[in-house]
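Okay, structure first, notes after.
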Amino acid sequence: MFAYAIGPSTLDPAKNVQRGGADIYLLPLYDRLTRLGPKGEVEPMLATAWEFAPDGSALTLTLRPDATFADGSKVDAAAVKANLDRMRTIPGGISVQSLQVITEITAPDPGTVVIGLQKGSGAQLPVLFAENTGMIMNPKAFADPAADLTTSIGVGNESGPYTLAGMQPGPGGKINYTRRADIADYWDKDAAKIAELEWLNIPTAAQRINAAQAGDITMGQVTGVDVARAKQLVESGQVAGMFFRQPKINQELWLQASRPPLDNVKVRQAIQAAIDRNAINEGLFNGDCTPTIQDYPEGQHWASSPALAQIPPADPEKARRLIAESGVGTPKFTLYAAETWKAQGQAVQQALRDVGMDVELAVDTRTPGGPTFAKGDFDAQQGAFVGSSDPAQLVTDLYFGNINLVPEADRAPYEPLLAQLGDPLLSQDQRAKVFDEMAQMLYEGAYSVPMCYGSQVWLTDGSVGNLETMPGTDIGLVDVRYLYVTAK
């Protein structure tokens, strides 16, 4: 039994609105076209190779010939095309906007998929295919377009090493998995060492820590301000486990920049300057949340901005000056934080009060289908953001697409840079320079306030093997397919 902070929401990767959290429940069921290595590099999975056309007009995927669904049918180009076409057209799908760069998809032979692209677009697709977008299920699962894949996907439709045994969605929910019956013929011989899995949502870190100490769970995640306690338990030998840093998960404050008083850029810049990142790191995280003011922390990614790395992490006097210049008087708004991030929300609330703002803190229960920041229900939200390894996808997810932090009225200056950032013909160094310029503009706009990148501890009962090489620890979306359990 493995325990996680967020409950499962759906078995449908096209509709998985929790994205950064609930993917962990889907990884045992679906193989992806690609996957990410420990440094964010794209590695083969169902696709063994990918290549952009010399003029950037297409991306060609070469598929492995030995992949099958759990019913024995081939994971071939027709199946991949059907999944990607659904991903880019399904109403309410989380990948629809990201896949607008695709003009057409063809399957010229069973092992080849050709993805037509808008000119100068699509550089982020190999990374995107390592996420929900690249998860492949048997097309017979969605042969009926009206099929509800929330809790059932039919028999034999999984492409991963496990099949679905049962699901209970929502807070306190769980998913049970069984190793696929044809595992001897499955292409990845290192996967599915554990015959049966159960992922369970235990809502609070304190409950997960207690369950690990009592031996009630095999493995459980601890993140946020509870990492220090879990880390101490591991270091003292009281509980088995391992500590991991997460440079792709930023503790962030999101601001509704089209809503007063946050529509005033000087108020947003004041918020940015008021928050003492060093104090949050030391006071709440015992030094395990490295301060940063940018989406890609300095030294942790090829797209981190050298210019932003020079800016001080806090300047309360500047914040007070900006409030005075804003003409707003006393900026007043409500800050929402999930229970997991309540302590961070309290720290932010106090820092903003110290410079003259009136901030109310409300705990957001995050009920499925309930209010969200993306729907405009919150003035501001404190939490953690799982950033894409590709900057073109990150800005789509955070600033100009799914979460839409940058209002339409502010977008014109970014459009030339957005066009360049997604160009597959540019080198990584060229794209880094484009993003550096954009990152500085986004910092001046102060739509999001990164504070520090976090860490987590996975506690175990001492029986779990391969924990140190478990994929996804850098972003928290771990893939447990390579773990094994020994007799205690």
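Just so you know, these numbers come straight off a predicted model, no measurement behind them.
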Would you tell me whether [X] and [Y] have side-chain atoms, one donor and one acceptor, within less than 3.5 Å of each other?
| X | Y | value |
| --- | --- | --- |
| Tyr447 | Asp410 | yes |
| Gln251 | Gln344 | yes |
| Asp23 | Tyr30 | no |
| Gln393 | Ser98 | yes |
| Ser159 | Asn138 | no |
| Asp148 | Thr150 | yes |
| Ser57 | Asp55 | yes |

side-chain contact (heavy atoms from CB on, under 4.5 Å) between Glu468 and Met242, worked out: CA-CA 7 Å; Glu468 69 280 359; Met242 196 163 290; 3.6 Å; yes

Give a yes or no answer on whether the side chain of [X] reaches the backbone of [Y] with a donor-acceptor pair at less than 3.5 Å.
| X | Y | result |
| --- | --- | --- |
| Glu158 | Phe69 | no |
| Thr60 | Val114 | no |
| Tyr399 | Leu442 | no |
| Asn83 | Pro139 | no |
| Asn201 | Pro171 | no |
| Arg179 | Glu196 | no |
| Arg64 | Met45 | yes |
| Ser121 | Gly422 | no |
| Thr34 | Pro126 | yes |

Validation row: [X], [Y] side chains within 4.5 angstrom (heavy atoms):
| X | Y | result |
| --- | --- | --- |
| Arg431 | Asp390 | yes |
| Met135 | Leu26 | yes |
| Ser388 | Val127 | yes |
| Phe285 | Cys452 | yes |
| Leu421 | Phe435 | yes |
| Trp458 | Thr223 | no |
| Ile175 | Glu198 | no |
| Pro413 | Glu415 | no |

Between [X] and [Y] (salt bridge meaning N to carboxylate O under 4.0 Å), is one present in this structure?
| X | Y | value |
| --- | --- | --- |
| Asp85 | Lys81 | yes |
| Asp71 | Lys140 | yes |
| Arg259 | Asp379 | yes |
| Arg35 | Asp479 | no |
| Arg268 | Asp263 | no |
| Arg86 | Asp12 | yes |
| Arg481 | Asp31 | yes |

Taking all non-hydrogen atoms of both residues, which atom of [X] and which atom of [Y] are closest, and how far apart?
| X | Y | answer |
| --- | --- | --- |
| Pro297 | Ser304 | O-CB, 3.5 Å |
| Val227 | Ser455 | CG2-O, 3.4 Å |
| Arg32 | Glu131 | CG-O, 3.7 Å |
| Lys74 | Asp66 | NZ-CA, 4.4 Å |
| Ala192 | Tyr162 | CA-OH, 3.3 Å |
| Leu262 | Gln256 | CB-O, 3.3 Å |

Test side chain to side chain donor-acceptor pair (under 3.5 Å) on Asp436 and Tyr296; report intermediate values, then the result. CA-CA 10 Å; Asp436 187 16; Tyr296 291 116; over 6 Å; no

Do the rings of Tyr336 and Phe378 sit parallel, tilted or perpendicular, given the 30° and 60° boundaries? parallel

List the steps and the verdict of side-chain contact (heavy atoms from CB on, under 4.5 Å) for Met87 and Leu99. CA-CA 8 Å; Met87 277 282 180; Leu99 297 182; 3.8 Å; yes

Rounded at 0.5 Å granularity, tell me how far [atom1] in [X] sits from [atom2] in [Y].
| X | Y | atom1 | atom2 | value |
| --- | --- | --- | --- | --- |
| Arg208 | Gln221 | CZ | CD | 5.5 Å |
| Glu41 | Leu36 | CD | CG | 8.0 Å |
| Leu11 | Asn157 | CG | CG | 11.0 Å |
| Asp397 | Ile403 | CG | CD1 | 7.0 Å |
| Leu335 | Leu255 | CG | CG | 9.0 Å |
| Asp295 | Met438 | CG | CE | 11.0 Å |

For residues Tyr414 and Phe400, establish whether the separation of their ring centroids is below 6.0 Å. yes

Go through Ile271 and Val449 one step at a time and tell me if the side-chain contact (heavy atoms from CB on, under 4.5 Å) criterion holds. CA-CA 8 Å; Ile271 294 170; Val449 184; 4.3 Å; yes

What's the verdict on side chain to side chain donor-acceptor pair (under 3.5 Å) for Thr292 and Glu298, showing C-alpha distance, side-chain angles and the deciding distance? CA-CA 7 Å; Thr292 186; Glu298 42 275 21; 3.2 Å; yes

Determine, stepwise, if the pair Asp423 / Lys119 fulfils salt bridge (Lys or Arg N to Asp or Glu O under 4.0 Å). CA-CA 8 Å; Asp423 190 343; Lys119 185 177 180 180; over 6 Å; no

Residues, nucleotides or ligands: over 12 heavy atoms within 6.0 Å of Gln168 CD: yes

In sequence, state the C-alpha distance, the side-chain angles, and the governing distance for Gln118 and Thr103, and then conclude on side-chain contact (heavy atoms from CB on, under 4.5 Å). CA-CA 6 Å; Gln118 296 177 9; Thr103 57; 3.8 Å; yes

